[in-house]
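This report refers to the structure that appears directly beneath it.
None of these values were measured; they are calculated from a predicted model.
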Amino acid sequence: MRVESECGGSADVRAALLRLRRTSGLPVAFGGLRYGTGRYRISELTGARTAALHGLAVRHGNGLGGKAAVLTRPFAVTDYHASAVISHEYDAAVAAEGLCSVLAVPVVVRRRVRGVLYGALRRPVQLGDRPLSAAMEAARELEQALLLQDEAQRLLSVARQPAAADPAAWEEVREAHGDLRALAQRVADPVLRHELLAACGRLAAASAPGRGRTGDGPGRPDGPVLAPREVDVLAYVASGATNAATADRLGLRPETVKSYLRSAMRKLGVHSRLQAVVAARRAGLLP
């Protein structure tokens with residue numbers, strides 16, 4: 001069976017489940033992302049007493065989560081085992097964990113169901129608005145994280161393509177470099193963050209001879225060492241962004257951007273923004 005890669009995601013799924021438990025008051029939460037065609041694998045559990053649900057592959061349309069995925073809306077039952085509105089392929093795993101009242105919320109990204117989150121109680125209680133709202137908010141949070149990862153993967157694909165010789169192509173590469181660095185700061189998955197920064201390093205190295213280091217990537221070994229945020233700021237300065245625009249894109253204050261820029265200029269031994277960009281490119285710090 002072909003498995004659809006979800007670009008990391010485990011850390012984001014777990015964060016969403018922890019939020020669901022914290023804000024809903026439900027003692028158990030579990031869920032996972034799409035796995036292959038029409039399946040969702042339960043990859044993360046919190047509050048569980050057993051591993052019965054871990055690794056369970058939920059088919060589209062089957063059980064509570066499969067029905068929520070088909071309907072693309074939250075769905076809940078007060079007594080899972082006695083419910084006549086869901087199929088019961090997963091009763092054994094649910095019973096092993098001792099669950100009774102269960103809700104499921106689909107995770108929908110660009111009109112496509114990418115996963116399912118569950119919350120549960122071990123007694124038959126009708127689930128009200130609070131747990132349903134909390135579960136929906138957790139799903140929205142995960143949807144945003146997955147959208148971010150999709151964009152990161154798109155930019156990575158740009159980074160992996162050799163740039164053409166014409167200036168317009170290089171400007172596109174430089175813009176992608178700045179976007180990659182900004183996205184890296186917002187990615188929870190450490191593996192994906194490392195991959196993003198490695199791609200940034202490859203982009204920078206492509207425009208200058210030799211390889212070396214910055215705070216997190218290549219450069220020339222005998223060149224200056226800039227802090228990651230200094231490189232982030234220079235990447236946007238190189239694209240023509242103002243300090244205010246750079247601050248907005250990186251989630252910083254304009255004064256902080258100025259401070260990073262001054263520090264980078266000092267390390268590079270230059271006295272203007274343009275000189276800083278030129279020096280950084282020569283040092284292999286920027287593409």
Side-chain angles (χ1 to χ4, degrees), residues 1-70 74-83 86-109 112-125 127 131-132 134-143 145-146 149 187-192:
M1 177 181 68
R2 185 181 70 84
V3 176
E4 176 181 331
S5 170
E6 284 293 352
C7 177
S10 294
D12 293 309
V13 171
R14 184 158 187 82
L17 292 174
L18 290 172
R19 172 175 176 166
L20 193 160
R21 279 188 70 195
R22 183 177 67 252
T23 57
S24 70
L26 298 176
V28 184
F30 52 99
L33 301 178
R34 179 169 173 161
Y35 176 80
T37 303
R39 293 190 181 191
Y40 309 92
R41 171 173 282 181
I42 306 302
S43 60
E44 299 290 331
L45 303 94
T46 176
R49 295 172 180 169
T50 73
L53 294 166
H54 190 268
L56 191 67
V58 177
R59 288 186 177 274
H60 199 66
N62 291 357
L64 183 68
K67 183 164 186 175
V70 167
F75 202 76
V77 294
T78 301
D79 187 339
Y80 187 98
H81 304 284
S83 176
I86 61 171
S87 59
H88 290 273
E89 292 86 353
Y90 315 112
D91 280 9
V94 174
E97 185 56 44
L99 304 181
C100 193
S101 294
V102 186
L103 64 81
V105 180
V107 177
V108 184
V109 179
R112 175 184 173 213
V113 179
R114 293 275 292 273
V116 182
L117 302 182
Y118 300 81
L121 287 163
R122 293 187 171 90
R123 62 185 189 279
V125 176
L127 298 171
L132 283 171
M136 291 174 65
E137 284 300 315
R140 300 299 87 78
E141 182 180 81
L142 180 55
E143 288 164 4
L146 293 175
Q149 292 191 5
V187 172
D189 191 311
V191 175
L192 179 59

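Across every non-hydrogen atom of S10 and E44, the tightest pair is CB-OE2, 3.7 Å. A138 approaches L20 most closely through the heavy-atom pair CB-CB, 4.0 Å. Closest approach of G65 and V58 over heavy atoms only: C-CG1, 4.4 Å. The heavy-atom pair separating V105 from A139 by the smallest distance is CG1-CB, 3.6 Å. Across all their heavy atoms, R123 and S101 have their closest contact at O-OG, 3.0 Å. Residues P106 and A68 share a closest heavy-atom pair of CG-O, 3.6 Å.
Contact annotation: the side chain of V70 approaches that of H60 to within less than 4.5 Å [non-hydrogen atoms, C-beta and beyond]. T46 has its side chain out of reach of V28: every pair of non-hydrogen atoms, C-beta onward, lies at least 4.5 Å apart. Proximity of R59 to Y40: side-chain heavy atoms (C-beta onward) are nowhere separated by under 4.5 Å. The side-chain heavy atoms of L146 and V107, taken from C-beta on, include a pair separated by under 4.5 Å. Between L142 and L33 there is a side-chain heavy-atom pair separated by less than 4.5 Å. In this structure, the side chains of C100 and H81 stay at 4.5 Å or more apart for every pair of heavy atoms.
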Task: T78/V125 under side-chain contact (heavy atoms from CB on, under 4.5 Å): CA gap, chis, key distance, verdict - done: CA-CA 6 Å; T78 301; V125 176; 5.7 Å; no

- [ ] Could you please spell out the steps behind the side chain to side chain donor-acceptor pair (under 3.5 Å) verdict for Y80 and H88?
- [x] CA-CA 9 Å; Y80 187 98; H88 290 273; 5.6 Å; no

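Here the OG atom belonging to S83 is positioned 9.5 Å from the CG atom belonging to D91, to the nearest 0.5 angstrom. The distance from atom CZ of R19 to atom CZ of R140, rounded to the nearest 0.5 Å, is 10.5 Å. From E141, atom CD reaches atom CG of D12 across 8.5 Å, with rounding to the nearest 0.5 Å. The structure places CG of L17 at 11.5 Å from CZ of R22, a figure rounded to the nearest 0.5 Å. Annotation: the span from L117 atom CG to E137 atom CD amounts to 12.0 Å, rounded to 0.5 Å. For the atom pair CG of L45 and NE2 of H54, the computed distance is 6.0 Å after rounding to the nearest 0.5 Å.
Using a distance-only test at 3.5 Å, with no hydrogens or angles considered, a donor-acceptor pair links the side chain of T50 to the main chain of A52. Between the side chain of R34 and the backbone N or O of G36 there is at least one donor-acceptor pair closer than 3.5 Å. In terms of modelled atom types and a separation under 3.5 Å, the side chain of R21 and the main chain of P27 share a donor-acceptor contact.
The pair E97-R122 counts as a salt bridge, with a side-chain nitrogen and a carboxylate oxygen less than 4.0 angstrom apart.
Partner of F75 under the side-chain contact (heavy atoms from CB on, under 4.5 Å) criterion, chosen from I86, L132, V102: I86. Test L103, L121, T23 against P131 for side-chain contact (heavy atoms from CB on, under 4.5 Å) and you get one pass: L103.
The aromatic rings of F30 and Y118 sit parallel, their planes meeting at an angle under 30°, below the 60° perpendicular limit.
By the 6.0 Å contact criterion, CZ on R49 is open, its count of non-hydrogen atoms from other residues, nucleotides or ligands being 12 or less.
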